[in-house]
Amino acid sequence: MSKYIVKRVIAAVLTLLVLITVVFFLVRLMPGEPFTSEKLNPIVKENMIKYYGFDKPLIVQYFQYLGNLLKGNMGYSMKYTNKTVNYIIGSTFPYSADLGLRALAIALVFGLLLGVVAALNRGTRLDVFCVILAIIGTSIPDFIMGAVLQYVFGLKLKVLPVAKWAGFKYTILPSCALAFYTMASVSRTMRASMLEVVQQDYIKTARAKGLSNFRITWKHQIRNAIMPVITIMGPTVAAVLTGTFVIEAMYAIPGMGKYYVDSTNDNDYSMILGMTVFYGAFLIFCNLVVDILYGVVDPRVRIGK
Amino acid sequence: MKKASKMLALLLALAMAASMAACGSSDGASAETTAAAEAAETEAAAEEGAETEAPAEEAEEPAAEEADAGEAAGEKVFKFATGTEPTSMDQSKGNSIADNEVQRALQEGLVRLINGEVQPGLAETWEVSEDGLVYTFHIRDGLLWSDGEPLTVDDIVYGFKRLVDPETASPYGWIAGSDASHILNADAVLAGEMSVDELGVAKVDDSTMTITVDTPVPYLLSLLGSCTEYSPVRADYVEQYGTDFAATAEKNVYSGPFVLTSSENQELHYAKNPNYWNADAVNFDEVVQYIVSDDSTRVAMFDSGDVDYVAIPNEQVPLYEGQDQSYQNGNDDYLYINSASETQPLLQDANFRLALNYGLSRTEYISLATNDIYDPGCTFVLPMLSGVNGGTYGEEYGDKLSAFPVDGDVAKAQEYLKAAGVEDPSSVTVELVITDAESEKLIGEVIQQQWQTNLGINVEIRQVTYSEKYGTVLPSGDYELAYGGWGPDYDDPNTYLALFNGNSPYNYSNYKNEEFDALMAAATTEQDVVARMDMLAQAENILLEDGAMVPLQYRTVHYLMNENVTGINFTVGAVNFDWPFGDIAQ
C-alpha cells in the first residue's frame, strides 16, 4: 500500500511540474499584456516591466518562478499591485472551501439518499420523482438556481439575506444553490450503479443466506455501488471547494472564484499561474485521495497492486 | 463557524472511511454495523449541529441589532456597495477612479477639490508666483497622522517624489509630467534620467514647501486637489513593509478624514480619524464599503436595506424610474479613427471622416445602444467641464463649436463621401474594433447598421479583449476604427485635447495637424485664462472640422440613495462618488 501511495505522489508532482511549465509559457502567448489601461504611458510601462522583472529573458523568468515557487512564493499580482498571490489565495480560499464543504455535505447526503431510494423503488412514483429531480438539477444552471433562490427567499419572502457571508443564515442559499447540481449528479450515478449491483449474483446469494433487507442494502449494495460516486468525487470536490465564479459573485461571497475569470481577463500572469497551480495541486491531491480510497473500499484494487 | 464546518466534514469523511474499512474485513458483521451506526449518528449529529447553530446565530443577531440601536443613539454609519475592487491601497499607486475614491477618504492632499472648488487641505494658504511657475504652500501647524505622529512637510514632499520614482513603478506616475501637471523634471525623473531629488517639489522650512512647474498650468490646484496619488506618505512605513506597504489596513497610516480599519474579504471598513485636521466636518463615524461585482446583487442589497447607496446597472434603470437619481460621470466615449491607416487609406481623408460623422444619427444611436440613458455627444471635449466666466465650457463655448447634428445629416454625409472620391460605397469596407464586453457588441452593431443604411459602406466588427485593445491594438496602430473613451483627469479641456497632440503617447489616432499642434503649444504658454480657453476651443474646432474622431456619448450613472443621506457630491475627474463629508440623518 505505501509503495502504491509513493508511486502516486511522484506521479502527482511530475504532473504538477508539467502543468506549471505549460501554463507559464501559454499565458505569455495570450493576446494583450498585463499592464494595460487607456492612461498608461510608455515610460511608466517600462518602469512597471522592470519592476516585475519582465525585461529578463523568458527562460530566466521561468526558473526564477520555479525557484520562488519551491519557497512557496507565488509573487505579486499585477492587477492588485500590493497584494501577493499567496495572500489573495490564502484569504479567499477559506470562504470558497467553507461554501464548498457545506454544498458538498448537502449534495452527498441528499444525493446518495435520493439515489438509493430511487433504485430500491425502481419503477414506482417515488423513483420517477427522484429521477425528475435529478434531471432538473443537472439541467438548471447554477446562475438560474441561485437567482431564483435569492429572489424568492431573499427579496420576496425576506427570510434569508440576499448576499454576503456573515453567519449561518447567510450560508444557506448559496450552499443550496451550489449543492443542487452535484446532488443531482450524485443521485443519478448512485441510482444507476445501485441498479446494476442489485442484479449481481452475490446479492442473490445474500438473500438466499437469509440476510435482512437492511443488511443486504447497507453492506452489499451500497458498498459496492458507491465506487462510481467516489470516482466522480475527486474532480467534484476540487471544483466545488476552490470557488465558483457565478454563485460567489451572485451572493457577494469573498471567495476565490472571481479571480479565475478576472485574472485571465486582465492578463495578470502571476495570478493566473498561482490559481492554476493551486487548483491543479488541489485536483491532483483529490484524485490521489480517491485512488487511495479505492484501495480502502475495494480490496480487489489493493490485491491488484 | 468555519472550523466547525471543517471538523464536520472531517468527521464525515472519517466515519465513511471507517465504515468502509470495517466492511473490508471478512468477519466484520458486528463491527460494520457499529461503524455504520456511528456514521449515521455522526451525520445526524452534524445535521443537528447545523440546526443548533442556527438559533445560536439568531441569539447573536439581536445583540448585533442592539449594537446597531446603540449606534442609532450616536453613531452614524454609512454603508454602500460598489462593483470594482481597488487595485491598490497604496496611495501612490492608485490607477482608477475606484482607487482614488478610497484614497480620498483616507488621505489628505495639499488642497482638496470639493464640488469643483479648491479648498485648503494640509496647506492652509498658498500663493502662486507672477510667472505662474512657482507655487508656495504654507502647511498647517500641528498636523497629525492617524497614529499620532506629526505629519511633516517631509512626508508631503516624499509623497510627490515616491510617485515619480521609477523604483515605485506607479501606474499614475505620468500625472506629474508633461501630460498633466508639468512639474519640473518629472518626465526625466520618471524615465530614470534624473535623480528623484531634482523633482520640482521642495521643502523650504518646517511649514513651507514649493512646487515648481515648467510652464503655467491653470488647472494645477484643481489637479492637486483631486489627484490622490499626490497624497503624503510615511517613509518609515514604506521602509518597514517594502513591497507590502499598504497591503493590509495596519500596514499604512492615514492623514485623511477616515482611517482604514480593515480591507479583508471584499469589504472596506472605515472609521472616523480623530487626528484629521478638519475632523469636525466629518459626520460619519463608521463607513462600510462592500465590493460586490455582480450588478443585480448590488441592487438587491439596496432593496433589502443592507446598503444606503448603490449605482444601478444600465439595463435595470427603467425598473427604478422615480426612485433613482443620476449624475454624469465625465466619461466621454467616441470612436478612434486611425487617420494614418494604411489598410483603409480613405480614413486619411477628412472628407471621409466627416462622412462617417454625418452619417450617424446620435439620437437613434443613443436610444438603440444605450436605452436612452446616456447623452448624445456631438462635440469632443466634455461640455460640463468648467469654463472661464463662471459657467461650464459647454455653456460658454458650445455655440462656437462646429458640433455634428444630433440626428445626423445623410445628404451632407453623401456629399462628403463623394468629395472623398467614393463612387461605389458598397465597395468600401471599414473595420471597427470593439472589446468583448456585451454592451460594446450592441454599440458596434448599431453603428454598423447605421453606416450601412445611411452611407452604404460595409462595416466589419473585430472583437478583442480589453487588454489587447490598450496593450497592442491601439498603441501599434493596427486598426481602422476603435470604440473607446476618456475620462478627464482634471477639470480642463486640455485633458482631452492633448490626446491629439502630434507627439502625445496617447495619440492613438495618429493624428497630425500642424495648425492644431501650434495652437496647443501657444495655449500652454498663454497666461491670460480667457485667451487660453479661446485657443483651446479653437483647437477643438479644428479637430471637429477635421473629423478627427466620431464623438458618441457622455455617460450618465443612475443610482439609488437612502433619503436620509445628504451631503454627498458627484464629480467628474479623478473621483466620481465623493462621500467623505456626507451625513446621515438618524
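Chain letters run A, B, ... following the sequence lines, proteins first, then strands; residues in each count from 1.
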Open item on the list: Among B/Thr248, B/Thr297, B/Asp294, which residue has the highest count of heavy-atom pairs closer than 4.5 Å to chain A?
Closed with: B/Thr297

Task: Residue among A/Glu248, A/Lys158, A/Lys79 with most heavy-atom pairs under 4.5 Å to chain B - done: A/Lys79

Open item on the list: A quick test of your reading: do over 12 heavy atoms of other residues, nucleotides or ligands sit less than 6.0 Å from CZ of A/Phe285?
Closed with: no

Task: chain A contacts, top residue of B/Ser96, B/Pro166, B/Pro505, B/Pro86 (heavy-atom pairs, under 4.5 Å) - done: B/Pro166

- [ ] State plainly whether the residues A/Lys39 and B/Asp489 are in salt-bridge range, i.e. N to O under 4.0 Å.
- [x] yes

TODO: Would you mind checking if B/Glu267 and A/Lys164 are paired as a salt bridge, meaning a charged N to carboxylate O distance below 4.0 Å?
DONE: yes

- [ ] Sort B/Asp179 into side chain, backbone, both or neither according to what part of it lies under 4.5 angstrom from a heavy atom of chain A.
- [x] side chain

- [ ] Name the member of A/Val246, A/Val162, A/Asn41, A/Thr81 that forms the most heavy-atom pairs with chain B at distances under 4.5 Å.
- [x] A/Asn41

- [ ] Under 4.5 Å, counting heavy-atom pairs only, tell me which of A/Lys258, A/Lys50, A/Glu46 racks up the most with chain B.
- [x] A/Lys258

Task: side chain to side chain contact (heavy atoms under 4.5 Å, CB included) partners of A/Pro174, counting only residues at least two apart - done: A/Leu99, A/Trp165, A/Ile247, A/Tyr251, A/Ile253

- [ ] May I ask you to name which of B/Arg298, B/Lys469, B/Lys93 has the most heavy-atom pairs under 4.5 Å with chain A?
- [x] B/Lys93

- [ ] Flag the one option from B/Leu190, B/Thr472, B/Asp244, B/Thr243 with the top tally of heavy-atom pairs under 4.5 Å to chain A.
- [x] B/Thr243

- [ ] Given ring-ring contact (aromatic ring centres under 6.0 Å, His included), test B/Tyr336 with B/Tyr334 step by step and report yes or no.
- [x] CA-CA 6 Å; B/Tyr336 287 94; B/Tyr334 51 93; 5.0 Å; yes

TODO: Heavy-atom distances under 4.5 Å only: say whether B/Ser170 touches chain A with side chain, backbone, both or neither.
DONE: backbone

Task: Listed partners of B/Tyr290 passing side chain to side chain donor-acceptor pair (under 3.5 Å), at least two apart - done: none

Task: Heavy-atom proximity to chain A below 4.5 Å, by part of B/Phe245 - done: backbone

TODO: Check whether NZ of the Lys or CZ of the Arg A/Lys45 lies under 6.0 Å from the centre of the six-membered ring of B/Trp174 and within 45 degrees of that ring's axis.
DONE: no

Open item on the list: Is B/Asp436 close to chain A through its backbone or its side chain, or both, or neither, when contacts mean heavy atoms under 4.5 Å?
Closed with: neither

